[in-house]
2 protein chains.
Amino acid sequence: MPASTNAQAKNGNLLNNAGLRNTTQRALIMDIIRQGRGHLDADEVYRQAKRKQPRISLSTVYRTLQKLKGLGLIEELHFDEAHHHYEIKHPSEHHHLTCFGCGKVIEFQYPLTRLVKRNVHEAKEFDITQTELHMAGYCEQCRKNKK
Amino acid sequence: MPASTNAQAKNGNLLNNAGLRNTTQRALIMDIIRQGRGHLDADEVYRQAKRKQPRISLSTVYRTLQKLKGLGLIEELHFDEAHHHYEIKHPSEHHHLTCFGCGKVIEFQYPLTRLVKRNVHEAKEFDITQTELHMAGYCEQCRKNKK
DNA sequence: CTCAGTGCAAAAGCTTTGCATAATA
DNA sequence: TATTATGCAAAGCTTTTGCACTGAG
């Protein structure tokens, strides 16, 4: 049984459970985001989607991203650039480390919320619902290459 | 001696040291950002600036923000929204906690870079040059008001 | 006096929206 | 069949850029 069948069924269920219609466009967009290891922006999702469904429109991509974000199925990240990046939502708190040299993105987990609430006085009574950490710099390899 | 005189002299020095001309527009924009406790976006800087210099243009605001950012005098932050926010650069590593209810922004310091480099395997050999943590939720007071 | 900086207006992204058509449940 | 979702095109925002003029050094 091919992997795509699994993924499609999974997407369909997620959409149905959320009360949304399971259209081919939505399933495709979710597939792309799920497989998008580097974090994709809307235009990149659109370009990848067009390869499989040439008639898909940018508006559909944007509308789908909004819907999925609203449902908590994907996460919208705000990096250095003017546009947003999207990824499938992870169950646990995780963060990002980007290399300016090669552009690779390392994800790592770290219980920052707990830590900050424990150590920062003003945060103690805060009900933190969103945590976004982005670090960037140069990875070992790119530093070597520069020398 | 009024505070504004100090601030203006300070801005002038900063600009001169950076090899930039000390124009009234730049001095004003730096003043606004320095005093902008909540983090201002370009348009807010523009509107405040127009109150003192009605002929100032949005392009000047954008160009100045870019210059100052390039020189490391101000920091560009990427929050939830589509546009950027700016603040005077702090010497030490600090982070943000925003209340969705009342919009207040709490700044706090925390040596995250050191911590992550020490505890996250992939980060050990990374040369981290940029760290941006943004947390958000509801402060104690807003939680009480909701009940 | 020179050249960096400014204001204005126009252009260039990214994102949203209105409306007729197509597809799902 | 009744809506919901899509595609297209047009509009909306934020940000950038070209050019002639102004002002700091």
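Proteins get letters first, then strands, A, B, ... in listed order; numbering begins at 1 in each.
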Legend entry - All pairs passing salt bridge (charged side-chain N to carboxylate O under 4.0 Å, His left out) where residues 51-74 of chain A contributes a residue, at least two apart: Lys69(A)-Glu76(A)

Inset, instruction - Quick one: list whatever passes side-chain contact (heavy atoms from CB on, under 4.5 Å) with Ala136(A), sequence neighbours left out. - result: Thr98(A), Phe100(A), His134(A), Gln130(B)

Inset, instruction - Describe the nucleic acid contact of Leu58(A) in one word from base, sugar-phosphate, nothing, applying a heavy-atom distance below 4.0 Å. - result: base

Inset, instruction - For Ile56(A) and dA9(D), give me the distance from atom CD1 to atom P, rounded to whole Å. - result: 16 Å

Inset, instruction - With sequence neighbours left out, write down each residue that passes side-chain contact (heavy atoms from CB on, under 4.5 Å) with Tyr62(A), or none if nothing qualifies. - result: Ala42(A), Leu58(A)

Inset, instruction - Specify the separation, in whole Å, of atom CG of Leu40(B) and atom P of dT14(D). - result: 15 Å

Legend entry - Residues forming a side chain to side chain donor-acceptor pair (under 3.5 Å) with Glu93(B), sequence neighbours excluded: Thr113(B)

Legend entry - Rounded distance (Å) that lies between atom P of dT17(D) and atom CG of Leu65(B): 15 Å

Legend entry - Minimum-distance pair of heavy atoms, taken over all atoms of Leu133(A) and Leu112(B): CD1-CD1, 3.9 Å

Inset, instruction - Rounded to 10°, tell me the angle between the two end axes of the helix from dC1(C)-dG25(D) to dA25(C)-dT1(D), each built from five pairs. - result: 40°

Inset, instruction - For DNA chain D, find the residues of residues 47-55 of chain B with a heavy-atom distance under 4.0 Å and give them by number; none if there aren't any. - result: none

Legend entry - Gln141(A), CD: over 12 other non-hydrogen atoms inside 6.0 angstrom: no

Inset, instruction - Could you note down all residue pairs passing ring-ring contact (aromatic ring centres under 6.0 Å, His included) where residues 101-128 of chain B supplies at least one of them, sequence neighbours left out? - result: His95(B)-Phe108(B)

Legend entry - Between P of dT15(D) and NZ of Lys67(B), the distance in whole Å: 18 Å

Legend entry - Modelled atom types, side-chain donor and acceptor of Gln25(B) and Thr60(B), under 3.5 Å: no

Inset, instruction - Between protein and nucleotides 18-25 of chain D, map the contacts as a letter string: B base, S sugar-phosphate only, - none, heavy atoms under 4.0 Å, written 5' to 3'. - result: B----BBS

Inset, instruction - Look at the side-chain N and O atoms of Gln25(A) and state whether any lies under 4.0 Å from the OP1 or OP2 oxygen of dA5(D). - result: no

Legend entry - Leading and trailing nucleotides of DNA chain C with any atom under 4.0 Å from heavy atoms of chain A: dC14(C) to dA25(C)

Inset, instruction - Using the test side-chain contact (heavy atoms from CB on, under 4.5 Å), find all partners of Glu44(A) that sit at least two apart in sequence or belong to another chain. - result: Leu40(A), Asp41(A), Arg47(A), Gln48(A)

Inset, instruction - Give, for atom OG1 of Thr23(B) and atom CD1 of Ile29(B), the distance between the pair rounded to the nearest 0.5 Å. - result: 7.5 Å

Inset, instruction - Not counting sequence neighbours, which residues clear salt bridge (Lys or Arg N to Asp or Glu O under 4.0 Å) with Glu140(B)? List them please. - result: Lys144(B)

Inset, instruction - Sequence neighbours left out, what passes side-chain contact (heavy atoms from CB on, under 4.5 Å) with Arg114(A)? Give chain and number order. - result: Pro111(A)

Legend entry - Minimum heavy-atom distance between Ile56(A) and Lys50(A), given as atom pair plus value: CG2-CG, 3.9 Å

